**Student:** 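First the structure, then my questions, so here it is.
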Amino acid sequence: MASGQLSREEALECTRCRHACHVMLYSDTKSQLFGKFPIRHIILMQMRFDGLLGFPGGLVDPSKETLEEGLTRELSEELGLPLPISVEDHVESCFAPPSSPPFSSPFSSRLMLHFYVKKIEEEQIREVERVAASTATDHGQEVLGMVRVPLYTMKSGGGLAHFLSHSFIGNARSQLVSSLLRFNMASLEELRKALTRSQEIHSQNAESLRAALSLTGAQRKQL
């Protein structure tokens with residue numbers, strides 16, 4: 001067990017903690033982008049209400065329901081489909097990483113995160129996408145839309161590196177990377193290259209943000 005991780009049973013012994021469960025839904029696929037780049041696997045994430053990328057799920061009260069029952073309930077609200085999650089889908093449990101200002105909270109150190117991975121059929125993935133955008137209770141509220149993770153790398157560098165450079169909630173980026181390795185969806189070398197490129201993209205984005213900020217400053221002076 002990796003450092004900082006607990007078993008499901010150990011995590012549930014923390015009765016003073018809040019508990020949150022999230023799941024990575026994925027399927028295999030033979031489709032290709034532009035007939036050139038094998039997509040290999042379809043992995044679903046979501047754009048959250050706060051503008052951050054994360055996995056479907058939410059808070060669960062173990063005193064009233066099992067972790068899996070709570071996660072299944074959350075999926076029904078966010079995706080609009082009953083996708084039963086089982087104990088066998090559990091991957092890891094850990095304390096939530098500390099938040100940085102201005103998002104720090106005294107509750108973050110008492111939040112236990114439970115992560116699940118569930119493989120479903122490609123047609124089920126498509127059905128989730130259709131229903132989530134049309135009938136899910138939380139669509140347009142807590143969830144702004146479902147997104148797929150691009151596992152390919154184009155000659156221009158587009159794909160996984162750019163996706164990993166976006167902003168993720170909590171440890172969702174780490175959960176994604178570790179799952180790609182754990183379930184052999186990407187090689188270690190692929191991920192190292194993508195993450196290295198992501199760091200470069202972050203630097204370029206910082207320069208772009210400074211330029212955009214300077215434009216707002218110039219506009220303010222004209223008012």
Side-chain angles (χ1 to χ4, degrees), residues 20-60 65-92 113-154 158-180 182-186 194:
C21 298
H22 296 84
V23 63
M24 185 180 92
L25 300 171
Y26 81 97
S27 72
D28 299 331
T29 182
K30 295 181 180 179
S31 59
Q32 296 184 337
L33 176 66
F34 305 135
K36 296 181 180 179
F37 306 100
I39 294 175
R40 299 182 294 177
H41 311 283
I42 302 173
I43 299 173
L44 291 185
M45 295 191 73
Q46 56 187 202
M47 178 63 72
R48 293 160 40 95
F49 64 94
D50 51 15
L52 299 174
L53 290 169
F55 290 103
L59 291 172
V60 172
E65 57 189 352
T66 68
L67 296 176
E68 294 72 34
E69 287 171 344
L71 179 52
T72 299
R73 171 184 51 76
E74 285 289 330
L75 294 183
S76 180
E77 295 171 1
E78 295 184 359
L79 306 181
L81 281 176
L83 286 174
I85 303 299
S86 67
V87 176
E88 288 72 25
D89 299 319
H90 179 265
V91 172
E92 63 182 28
L113 301 178
H114 306 273
F115 188 60
Y116 296 73
V117 174
K118 184 177 183 65
K119 184 177 182 180
I120 58 180
E121 296 299 321
E122 184 173 355
E123 183 50 42
Q124 287 180 285
I125 288 283
R126 298 183 187 279
E127 182 66 10
V128 167
E129 292 173 317
R130 285 193 292 268
V131 176
S134 58
T135 63
T137 304
D138 289 342
H139 180 71
Q141 301 290 323
E142 294 184 30
V143 180
L144 301 184
M146 304 302 298
V147 296
R148 295 187 180 192
V149 179
L151 295 183
Y152 47 81
T153 298
M154 305 170 70
L160 183 58
H162 281 274
F163 187 86
L164 292 174
S165 71
H166 294 312
S167 296
F168 291 70
I169 182 68
N171 61 347
R173 182 191 284 107
S174 297
Q175 290 172 333
L176 172 61
V177 170
S178 63
S179 295
L180 292 179
R182 184 192 300 265
F183 295 96
N184 298 313
M185 298 184 197

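Numbering of residues begins at 1 and proceeds along the displayed sequence. Values below: all heavy atoms of this structure, side chains included; hydrogens, waters and symmetry mates excluded. Small disclaimer: the values here were computed from a predicted structure and weren't measured.
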**Student:** What's the shortest heavy-atom distance between L44 and P56, and which atoms?
**Tutor:**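 Closest heavy-atom pair between L44 and P56: O-CD, 4.3 Å.
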
**Student:** Do the non-hydrogen side-chain atoms of L53 and I169 ever get within less than 4.5 Å of each other?
**Tutor:**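 They are not in side-chain contact.
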
**Student:** Assess the pair F163 and F168: is the distance between their ring centroids shorter than 6.0 Å?
**Tutor:**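 Aromatic pair counts; centres sit under 6.0 Å.
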
**Student:** Where do E68 and S86 land on the side-chain hydrogen bond (donor to acceptor under 3.5 Å, both in side chains) test, with the steps shown first?
**Tutor:** CA-CA 6 Å; E68 294 72 34; S86 67; over 6 Å; no

**Student:** For the residue pair V131 and G80, what are the closest heavy atoms and their distance?
**Tutor:**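 Closest heavy-atom pair between V131 and G80: CG1-O, 3.4 Å.
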
**Student:** Got a donor-acceptor contact below 3.5 angstrom from the H139 side chain to the A132 backbone?
**Tutor:**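 Here the side-chain-to-backbone pair exists.
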
**Student:** Sequence neighbours excluded, which residues qualify as side-chain hydrogen bond (donor to acceptor under 3.5 Å, both in side chains) partners of R48?
**Tutor:**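 Here the qualifying residues are D50.
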
**Student:** Quick one, D28 with K119, criterion salt bridge (charged side-chain N to carboxylate O under 4.0 Å, His left out). Give me CA distance, side-chain angles, the key distance, then yes/no.
**Tutor:** CA-CA 8 Å; D28 299 331; K119 184 177 182 180; 2.7 Å; yes

**Student:** Can you name the closest pair of heavy atoms from A161 and A194 and give their distance?
**Tutor:**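 Smallest interatomic distance, heavy atoms only, reads CB-O, 3.4 Å.
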
**Student:** Using the rule given for side-chain contact (heavy atoms from CB on, under 4.5 Å), can you reason through V117 versus Y26, listing the C-alpha separation, both sets of side-chain angles and the distance that settles it, and then say yes or no?
**Tutor:** CA-CA 8 Å; V117 174; Y26 81 97; 3.6 Å; yes

**Student:** Sequence neighbours left out, what passes side-chain contact (heavy atoms from CB on, under 4.5 Å) with H90? Give chain and number order.
**Tutor:**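 Partners of H90 by the side-chain contact (heavy atoms from CB on, under 4.5 Å) criterion, ordered by chain and then number, come out as R8, S93, H114, Y116.
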
**Student:** Determine whether a donor-acceptor pair (N or O, by modelled atom type, separation under 3.5 Å) exists between the side chain of T72 and the backbone of I85.
**Tutor:**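 Present.
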
**Student:** S165 side chain to H162 main-chain N or O, any donor-acceptor pair under 3.5 Å?
**Tutor:**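 Judged by distance alone, yes, a pair lies under 3.5 Å.
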
**Student:** Checking side-chain contact (heavy atoms from CB on, under 4.5 Å) for the pair M45/R148: CA distance, chi angles, key distance, verdict?
**Tutor:** CA-CA 6 Å; M45 295 191 73; R148 295 187 180 192; over 6 Å; no

**Student:** Using 4.0 Å as the upper bound for N to carboxylate O, is an ion pair formed by R130 and E127?
**Tutor:**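 Answer for the salt bridge query: yes.
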
**Student:** Could you walk me through whether F115 and E92 pass the side-chain contact (heavy atoms from CB on, under 4.5 Å) test, one step at a time?
**Tutor:** CA-CA 5 Å; F115 188 60; E92 63 182 28; 3.9 Å; yes

**Student:** Should F37 and Q32 count as side-chain neighbours, where that means a heavy-atom distance under 4.5 Å?
**Tutor:**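 No, side chains not in contact.
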
**Student:** Would you indicate whether E123, at its atom CD, is surrounded by more than 12 heavy atoms from other residues, nucleotides or ligands within a distance under 6.0 Å?
**Tutor:**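 More than 12 heavy atoms, drawn from other residues, nucleotides or ligands, come within 6.0 Å of this atom.
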
**Student:** Rounded to the nearest 0.5 Å, what separates atom CG in L180 from atom CZ in R40?
**Tutor:**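 Separation between the atoms: 9.0 Å.
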
**Student:** Report the C-alpha distance between E74 and H22 in whole Å, list the side-chain angles of each, state the deciding distance to 0.1 Å, and finish with yes or no for side-chain contact (heavy atoms from CB on, under 4.5 Å).
**Tutor:** CA-CA 9 Å; E74 285 289 330; H22 296 84; over 6 Å; no

**Student:** Do you know the tightest heavy-atom contact between A20 and L59?
**Tutor:**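 Minimum heavy-atom contact is CB-CD2, 4.0 Å.
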
**Student:** Closest approach of S27 and I125, non-hydrogen atoms and distance?
**Tutor:**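 Looking at all heavy atoms of both residues, the closest pair is OG-CG1, 3.5 Å.
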
**Student:** Considering non-hydrogen atoms only, spot the tightest contact between D89 and P84 and give its length.
**Tutor:**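 Minimum heavy-atom contact is OD2-O, 4.5 Å.
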
**Student:** From N184 CG over to S179 OG, what is the distance, rounded to the nearest 0.5 angstrom?
**Tutor:**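 Reported value, rounded in 0.5 Å steps: 11.5 Å.
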
**Student:** Using 0.5 Å steps for rounding, measure from the CD atom of Q124 to the CG atom of L25.
**Tutor:**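 The distance works out to 9.5 Å.
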
**Student:** Run the salt bridge (charged side-chain N to carboxylate O under 4.0 Å, His left out) check on E121 and R126 step by step: do they pass?
**Tutor:** CA-CA 9 Å; E121 296 299 321; R126 298 183 187 279; over 6 Å; no

**Student:** Drop me the distance from M146's CE to E78's CD, to the nearest 0.5 angstrom.
**Tutor:**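 With rounding to 0.5 Å, CE (M146) is 8.0 Å from CD (E78).
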
**Student:** Once you round to the nearest 0.5 Å, how far does CE of M154 lie from CG of L33?
**Tutor:**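 Here the rounded value is 5.5 Å.
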
**Student:** Can you tell whether the side chains of K30 and E122 come within less than 4.0 Å, N to carboxylate O?
**Tutor:**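 E122 and K30: not salt-bridged.
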
**Student:** Keeping the roles fixed (side chain from E69, backbone from T66), state whether a donor-acceptor pair exists under 3.5 Å.
**Tutor:**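 Yes.
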
**Student:** OG1/T29 to NE2/H41 distance, rounded to the nearest 0.5 angstrom?
**Tutor:**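 Atom-to-atom, T29:OG1 and H41:NE2 are 10.0 Å apart.
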
